[in-house]
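Take a look at the structure set out below.
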Amino acid sequence: MRILHVVSHLGTGGMERVLFTLLREQQQLGVEIQLCVLGTENAFPERLEGLGRVDFLGYDGSLKDVRGMWRTIGKLRQKIREYQPDVVHAHLWPTARLVASAMAGMAPQLLVHIHDTRDWLAGTGWRDRMLRQMTRRAFHIRQPRFVAVSQACRAYTQEHLPWLRGEIPVVPNAFDARDFETADAASDSAGRAAGRPLIVGSAGRLSEEKGHEFLIRAVALLRDRGVDVELRIAGSGGLGSRYEQIISELELGDRVELVGKVADMQAFYQGLDVYCQPSTGGEGMPIVILEAMAMNLPIVSTDIAGAPEVVEDGEHGLLVPPSNPPALAAAIERLHADSAMRTRLAANARRRALHDFTGRRMAERIVAIYQSMFSQSGASEASVPGERNAVGCE
């Protein structure tokens, strides 16, 4: 089985970590893989070792760069002709639109991996409507099959792209258990030294949908109540300066740290007592939640997208409404006050992560989808009625 994975970029996000886990596990299962990156960004050069040929096409994804878009489509067609894969596996919507357009009249099957719940699928603005129309036209050129990372992700997509027909299977995200074999799980915070603050951590892009501002404001509420908590936020992005200003205005400089990009996430998790995911939208199934669970951490998360499919409230962590600093503060305060609850939630979270969300299980289920695509070739597949000759990136 020959699979060509195509992705728009290799940044520091969770999708990339899921992708590398999938690539490594598929190789272990005997699948022949190649990777094609539309852009130039590569935050994981060390992870490309052993993957064979990896092509970077140099396209930045700009809708305004029409010539660059069509050059990239031509390069993709040439790449597919050279490699002759059985399946082209496209990750993220911008990639899927270009790949579908490039595969007009070509023999390989196309699988589109739905990783998120982006605003443009539901938005009413002109750009949102344009992107939906581009997606419809591209998928009419080359009708794909789909896989989603969560039940919520599938439902969101089917609700806002109702012209998609056919079943969309769900394969949850997973972490690579081998990345955690030599890393000690986070210590049981129930035994932390008396008088030491509870260390709460969060990770992700510093962008609106990750909800870090609400978490920062929750720490201010806890401080005002006399609850001793410190917050560490790993990640980078355009809102870093804004968050620094909020931290200064709330006089939280001694309690909140923006640690920037973190190369060793295991070490980051090991320094925490609680992991918090305050996202407000855009998620599919955050890989950082799964990693934190595997590191023996209790979870506080907003109840959006795939998070409730991973974290059962009161069993593996605590779920709260999005965009709600008082709710975040209340959940963290409960864990601060109840060491037995922290210990119980952490142990349950680790067991669930190691049992249900390993990379090998994810890879086996994806390979089964590839096999079903071969057996159903020529039969009814997810199809898109519409017009031809429209592509686009975000």
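What you see below is based on every heavy atom in this structure, not just the backbone, and it leaves out hydrogens, waters and symmetry mates.
In this structure D356 satisfies the salt bridge (Lys or Arg N to Asp or Glu O under 4.0 Å) test together with R352, R361, sequence neighbours excluded. Here E41 pairs with nothing under the side chain to side chain donor-acceptor pair (under 3.5 Å) rule; sequence neighbours left out. Checked against salt bridge (Lys or Arg N to Asp or Glu O under 4.0 Å), R53 has the following partners two or more places apart in sequence or in another chain: D55, E82. Residues passing the side-chain contact (heavy atoms from CB on, under 4.5 Å) test with V18 are N173, I287, M362, sequence neighbours excluded. With sequence neighbours excluded, no residue satisfies ring pair (Phe, Tyr, Trp, His ring centres under 6.0 Å) with F268. Residues forming a side-chain contact (heavy atoms from CB on, under 4.5 Å) with A122 (at least two apart in sequence, or on another chain): Y156, H160. Qualifying side chain to side chain donor-acceptor pair (under 3.5 Å) partners for R217, counting only residues two or more places apart in sequence or in other chains: E213. In this structure, the ring pair (Phe, Tyr, Trp, His ring centres under 6.0 Å) partners of H91, at least two apart in sequence or on a different chain, are H5, H89, H113, H115.
Taking the side chain as every heavy atom from C-beta outward, L221 and L328 never approach each other to under 4.5 Å. Counting heavy atoms from C-beta outward, L164 and Q158 have side chains that stay 4.5 Å or more apart. Residues F139 and V112 form a side-chain contact, since some pair of their non-hydrogen atoms from C-beta on lies under 4.5 Å apart. No side-chain heavy atom of N324 sits less than 4.5 Å from a side-chain heavy atom of T302. Proximity of M293 to V311: side-chain heavy atoms (C-beta onward) are separated by under 4.5 Å at one or more points. Contact annotation: the side chain of P322 approaches that of D303 to within less than 4.5 Å [non-hydrogen atoms, C-beta and beyond]. The shortest side-chain heavy-atom distance between M106 and R81 falls under the 4.5 Å cut-off.
At distances below 3.5 Å, at least one donor-acceptor pair connects side-chain atoms of E16 with backbone N or O atoms of G11. R47 contributes no side-chain N or O that, together with a main-chain N or O of T21, makes up a donor-acceptor pair within less than 3.5 Å. Using a distance-only test at 3.5 Å, with no hydrogens or angles considered, no donor-acceptor pair links the side chain of T358 to the main chain of L354. A donor-acceptor pair under 3.5 Å is formed between the side chain of K75 and the backbone N or O of L57. Without hydrogens or angle criteria, R205 side chain to G235 main chain gives no donor-acceptor distance under 3.5 Å. A donor-acceptor pair under 3.5 Å links the side-chain atoms of D313 to the main chain of L319, judged by distance alone. When atom types are taken as modelled, the side chain of T280 and the backbone of G211 share no donor-acceptor pair closer than 3.5 angstrom. Looking only at distances, a side-chain donor or acceptor of H316 sits under 3.5 Å from a matching main-chain atom of E312. In this structure, the side chain of R142 does not engage the main chain of G105 through any donor-acceptor pair within 3.5 Å. Without hydrogens or angle criteria, R365 side chain to V170 main chain gives a donor-acceptor distance under 3.5 Å.
Exactly one of V227, V219, L215 qualifies for a side chain to side chain contact (heavy atoms under 4.5 Å, CB included) with I332. That residue is L215. For the side chain to side chain contact (heavy atoms under 4.5 Å, CB included) test with Q109, the passing option among I369, V87, I3, D86 is V87; the others fail.
Residue pairs that meet the salt bridge (charged side-chain N to carboxylate O under 4.0 Å, His left out) test with at least one member in residues 315-341, sequence neighbours left out, are R225-E333. Within the structure, the side chain to side chain donor-acceptor pair (under 3.5 Å) test picks out no pair touching residues 229-241 (sequence neighbours left out). Within the structure, ring pair (Phe, Tyr, Trp, His ring centres under 6.0 Å) contacts touching residues 18-38 (residues at least two apart or in different chains) are F20-F44.
Figure legend: R71 and Y59 shown without cation-pi pairing, the cationic atom not lying both under 6.0 angstrom from the six-membered ring centre and within 45 degrees of its axis.
Comment: D228 engages R255 in a salt bridge, judged by a side-chain N to carboxylate O separation of less than 4.0 angstrom.
Side-chain N/O atoms of Q151 and R154 include a donor and acceptor closer than 3.5 Å.
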Only distances under 3.5 Å count here; give the side-chain donor-acceptor pairs of residues 245-254 to other protein atoms, sequence neighbours excluded, each with its distance to 0.1 Å.
residue: Q245; atom: NE2; partner: E249; partner atom: OE2; Å: 3.0

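From M295, atom CE reaches atom CG of L272 across 9.0 Å, with rounding to the nearest 0.5 Å.
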